[in-house]
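Each remark here refers to the structure printed beneath this line.
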Protein chains: 2
Amino acid sequence: MGTRRRGEELEQAILHAAAEELRESGYPGMTMDRVAARAGTNKNAIYRRWPHRAALGIAAYRHLSDVAMPKPDTGTLRGDALEMLRQANETWSSPHGAVLRSLLAAAADDPALLDLMRERSGADTMDRAWLSLLERAVARGEAPPTAVHQRVAATPMMLLRAEYAMRGIPSVADEVLIDIVDEVFLPLVRGRG
Amino acid sequence: MGTRRRGEELEQAILHAAAEELRESGYPGMTMDRVAARAGTNKNAIYRRWPHRAALGIAAYRHLSDVAMPKPDTGTLRGDALEMLRQANETWSSPHGAVLRSLLAAAADDPALLDLMRERSGADTMDRAWLSLLERAVARGEAPPTAVHQRVAATPMMLLRAEYAMRGIPSVADEVLIDIVDEVFLPLVRGRG
DNA sequence: GTTTGCAGGGTACTTGACGTACCCTATAAG
DNA sequence: CTTATAGGGTACGTCAAGTACCCTGCAAAC
C-alpha cells in the first residue's frame with residue numbers, strides 16, 4: 001500500500017499502459033487521462049517525463065516494437081524480394097502496423113515527430129536488407145553490379161507504402177506484391193545493366 | 001442591411017471562408033468557429049450542410065482546387081518525365097499541396113474520407129498523363145512498347161509521394177527528381193524491353 | 001535519526017474545439 | 001397575409017490537452 005512506485009518502475013508502468021491503449025484504440029484513442037488511469041497514476045507523472053502526447057505515443061510505440069528484420073534467402077532475387085514484401089505487408093497490416101500508420105499520419109504536420117518516427121521505423125535497416133539482397137543477386141550473377149544502388153533498393157518498399165497511403169486497406173493483395181516485383185523491381189534491376 | 005444571404009450564396013461564402021482558412025492554417029487549423037466567423041455566419045448554417053468538419057474540409061479543398069494537369073512535350077522521355085515531376089513537386093510543395101497533404105494525413109484513419117479524397121486528388125488523370133508520355137516515347141522509338149504499363153507509369157509519382165511522406169519537407173530537392181528519373185524510371189523503361 | 005528536497009499523487013482548472021439545442025427573425029412561397 | 005423554412009445569435013454539453021497547487025511518501029544528506 002505504502003509502496004509508491006518511482007523512477008524506472010513507474011516509467012515502465014506508464015509506457016506499458018500507453019502501449020496497451022495504442023493497441024486497443026490507436027493513437028487518436030490514446031488519451032492522457034486513460035493512460036494515466038490505466039497506469040494507476042495521474043497525468044502529472046506523465047507530463048513530467050514527456051512534453052506532450054505525441055512524444056508519449058512514439059515512446060510507447062517503441063516500447064511495443066521490437067520486430068526483428070527478416071532476412072530471406074530463397075536463392076533467387078525474385079523469391080527474396082517477394083518474401084521481403086510479404087513480410088512487410090504482414091507487419092504493416094497487423095495491429096502493430098496500424099499503430100505505426102496512425103502515428104505517422106499524426107506526425108505528418110510535425111517535422112520533429114517525423115524525425116523521431118523515421119529513426120524508429122527501421123527504415124535504415126530495411127534499406128540495408130534490400131541492398132544485401134541485391135548484392136547476393138549480383139554474386140550469383142543474377143543482376144548487374146550497377147543494380148546495387150540505394151534508390152533501387154528503396155523502390156519496392158516505397159511502392160508498397162504508397163499502396164497503403166492510397167487505399168487505406170487493412171492489407172495489400174498478394175497480386176499487387178507480385179506485380180511490384182515482376183513489373184517494376186526486376187525490370188528495373190535488369191535495365192541497369 | 002436586411003439582406004440575409006440564403007442557399008447558394010451563403011454556401012459559397014462558407015466554402016470560400018473555409019478554403020481561406022485551409023490555405024492559411026492547414027486542415028488542423030481550420031476550426032468551425034473560425035470558418036463561421038470568417039463567413040459572417042454561425043456554425044448552425046455550416047452543420048446544416050455538412051455533417052462534420054472533415055466533410056467541410058474536403059468540400060473546401062475541392063472548391064479551392066481546379067488545377068490543370070500539365071502536359072509536357074519536350075521531345076524526350078527524360079525531359080517529359082522530369083518536367084512532370086517538377087510540376088508535381090511544385091504543386092505539392094505549394095500551400096495548395098500542403099492542404100492536400102494535411103487532409104490526406106487526417107483521412108488516414110477514416111476510410112470514407114480516403115475515398116472522397118482519392119477521387120479528388122486526380123490520381124487517374126495523372127496516370128493517364130504518364131501513360132501518354134510513355135506512348136509518345138514508344139512512337140519515337142525511345143522505349144519498348146512493353147514499357148507502357150500502368151504500374152510503370154505510376155512509379156515516379158509514387159516515389160515522389162513517398163519522399164514527401166518520409167521527410168515532411170516543404171519541397172523535394174531537384175537532385176532527387178533527377179535521381180528518380182535517371183536511376184529508376186529510365187532504367188525501368190529500358191529493362192522492360 | 002532528523003531534516004530536507006524531490007518525485008508521486010490528487011484534484012481542480014483553463015482553454016480550445018466539436019457538435020447540439022433553443023429560440024428569435026427575415027424571407028420566399030402559397 | 002400567413003406560414004413553413006432557413007439564417008442568425010447565443011449558450012450549452014462534452015471531451016481532451018495541458019497547467020497549477022498543494023499534500024505526502026521516500027531516500028539520501030547531514
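First the proteins, then the strands, lettered A, B, ... as listed; each starts at 1. As the structure is a prediction and not an experimental result, all values here were calculated from the model.
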Practice task
Taking R49(B) for its side chain and A45(B) for its backbone only, find out whether a donor-acceptor pair lies under 3.5 Å.
Solution key: yes
Completion exercise
5' to 3', nucleotides 14-21 of chain D under a 4.0 Å protein heavy-atom cut-off (B base, S sugar-phosphate only, - none) gives --SBBBBB
Problem - Length of the line joining N42(A):CG and dC22(D):C1', which is rounded to integer Å - result: 13 Å
Exercise for the section: Look at E142(B) together with R78(B) and state whether they make a salt bridge at an N to O cut-off of under 4.0 Å. Expected result: no
Exercise for the section: Please confirm whether the backbone N or O of N89(A) pairs with a side-chain atom of Y164(A), one donor and one acceptor, at under 3.5 Å? Expected result: yes
Problem - Integer-rounded Å distance: dG8(D) C1' and L10(B) CG - result: 10 Å
Exercise for the section: Using modelled atom types only, decide if a donor and an acceptor are shared between the side chain of R192(A) and the backbone of L188(A) within a distance under 3.5 Å. Expected result: no
Handout entry: Salt-bridge criterion met for E24(B) and R38(B) (N-O under 4.0 Å)
Key = yes
Completion exercise
Per the under-4.0 Å heavy-atom filter, residues of residues 14-25 of chain A near DNA chain D come out as none
Fill in the blank from the handout: Here the distance between atom P of dT5(D) and atom CD of E11(B), to the nearest Å, is 19 Å
Practice task
Using whole Å, report how far CG of L56(B) lies from C1' of dG19(C).
Solution key: 13 Å
Practice task
May I ask you to verify if any side-chain N or O of T41(A) is less than 4.0 angstrom from the OP1 or OP2 atom of dG9(C)?
Solution key: yes
Problem - Donor-acceptor pair, side chain of S25(A) and main chain of M30(A), under 3.5 angstrom - result: no
Exercise for the section: Would you confirm whether D127(B), through its side chain, and A154(B), through its main-chain N or O, come within 3.5 Å as a donor-acceptor pair? Expected result: no
Exercise for the section: Run the salt-bridge test on E163(A) and R151(B) with the 4.0 Å N-O cut-off and return the result as yes or no. Expected result: yes
